[in-house]
Amino acid sequence: MRWVRWCAAALAGVLLTTGCTGDDRRGFRPGAPDAGDPYVPGAGNGGYDVGHYALDVRYDPGDDRLTGTATVTATATEALSRFQLDLAGLDVDRVRVDGEPAAHRHDDAELVVTPEHGLPAGRRFTVEVTYGGVPKPLPNAALGDGGFHATGDGAIALGQPESASTWYPVNDHPSDKATYDIAITVPDGLAALSNGVPKGRTSTGGRTTWRWSEGSPMASYLTMLVIGDYRVTTGTHAGRPLVTAVASALPADGPAAASVARTGEVADFLAARFGPYPFDAYGGVVVADDRIRYALETQSRPVYGPGFFTGGRPNTEVVAHELAHQWFGDSVSVARWSDIWLNEGFATYAEWLWAEHDGGRAVARTVADRYATTDWTRPTVDPGRAGMFGDAVYQRGALAVHALRRAVGDDTFFRVLRGWLAQHRDGNATTADFVGYAERTAGRPLRALLDAWLVGATPPGLP
Ligand SMILES: [Zn+2]
């Protein structure tokens with residue numbers, strides 16, 4: 001994610017707590033009511049691991065109603081008598097588990113499902129949820145405006161660290177990544193964009209269904225839904241589909257269109273440094289809604305708010321930032337949000353690399369500037385929920401990346417990055433994993449150096 005202007009995210013402290021009463025019959029116990037991540041209380045759930053979501057949603061901008069069926073394929077990681085999915089602000093009509101009706105209760109943003117029979121550990125099962133209503137943003141959306149926004153011409157569902165639960169039932173934490181098939185039915189004439197490879201569209205009775213498929217595991221906050229009047233461009237790049245879309249409200253030959261038009265070129269620049277592009281499709285979507293004050297690295301197809309393109313010139317630095325996240329954040333995801341610098345520090349550094357390459361500021365100058373303005377009392381690792389999108393994560397995080405590069409030299413540095421990305425591709429990782437990997441690859445201790453740059457309270461020497 002990148003904000004249009006650097007701003008401290010306000011914190012709306014809405015704490016979602018859920019009860020957890022015992023249920024010990026035949027060794028089956030309820031799955032945990034959240035993922036245990038203190039940065040996102042209530043989000044995610046324990047006791048199962050989702051493999052795939054098949055989403056079939058329909059949205060009518062006329063009455064702002066969304067109806068959907070979600071078929072979630074998961075595996076029980078413990079013996080379960082019941083389990084939970086995150087679903088905010090919509091009504092559930094019916095739940096089936098393995099084709100059988102299942103009892104369910106919808107408490108705030110938690111859908112509690114009690115199947116007819118307990119699910120033994122290791123059992124693969126499917127949950128089919130039929131639901132609908134008028135979607136809304138999350139009430140605690142101060143961090144990233146999370147969730148569903150109705151717009152004049154359609155809708156935008158987007159946001160970090162949470163947003164998915166506003167349009168489908170989900171295990172809403174990046175530690176449970178899954179593949180997706182997404183079908184979106186909208187009135188004829190509107191575009192309906194989402195992640196991954198386009199799988200065609202069909203029209204019937206005045207409505208068009210757009211189909212998308214993401215075959216690489218994806219964290220739920222990286223899913224997106226954009227519906228409205230868009231100029232959609234479909235092509236190929238490096239043998240893979242490249243789909244970009246720019247809101248029709250923005251000029252066809254303006255800076256937004258010119259910026260996303262360079263998506264393939266920027267992705268190639270990054271691939272030359274980070275290793276092969278990790279997904280089966282490329283793209284980008286520029287929305288015209290001023291409420292989207294950020295850009296987000298939604299998998300294979302980032303979404304950019306209009307504020308990045310108001311300067312009269314193209315802005316490819318934000319494109320480089322969001323595309324760098326395809327490697328750092330999307331392919332290799334955080335296991336917990338306290339390690340978000342593993343996403344933002346590297347994406348910010350990639351932005352500096354691209355700027356230098358594209359005739360902008362030299363990396364050394366950017367480093368010197370950021371170093372001079374860094375508040376060393378604010379840690380990069382575990383910055384606190386309110387600091388998730390702060391300068392310590394982005395700017396100080398990128399300085400730490402540069403310090404590592406200077407310490408080990410360019411050859412080793414890029415070998416560390418490529419090896420790290422290959423080793424954890426499609427998975428999740430932590431700061432300790434990264435430090436350990438860098439040390440093994442460089443063949444020397446790096447922990448003290450990285451500690452000083454990431455969390456030390458006094459400025460280390462300028463690299
Ligand atoms: Zn970012």
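Note that ligands are numbered from 1 as they come in the structure, with each ligand's atoms numbered from 1 the same way. Along the sequence shown, residues carry numbers from 1.
- Remark: the His173 side chain and the Asp34 side chain contain no N/O donor-acceptor pair separated by less than 3.5 Å.
- A cation-pi contact links Arg273 to Phe269, judged by a cut-off of 6.0 Å to the six-membered ring centre and 45° from its axis.
- When each of Trp167, Tyr168, Tyr59 is tested with Phe148 by the rule ring pair (Phe, Tyr, Trp, His ring centres under 6.0 Å), just one qualifies, namely Tyr59.
- Inclusion of Met1 in the first shell of the Zn ion (ligand 1) is supported: an N, O or S atom falls under 2.8 Å.
- At the Zn ion (ligand 1), the vertex angle linking NE2 of His325 with NE2 of His321 is 100° (nearest 10 degrees).
- The Zn ion (ligand 1) lies under 2.8 Å from an N, O or S atom belonging to Glu344.
- For Arg240, the CZ atom counts as densely surrounded, since its 6.0 Å shell holds more than 12 non-hydrogen atoms of other residues, nucleotides or ligands.
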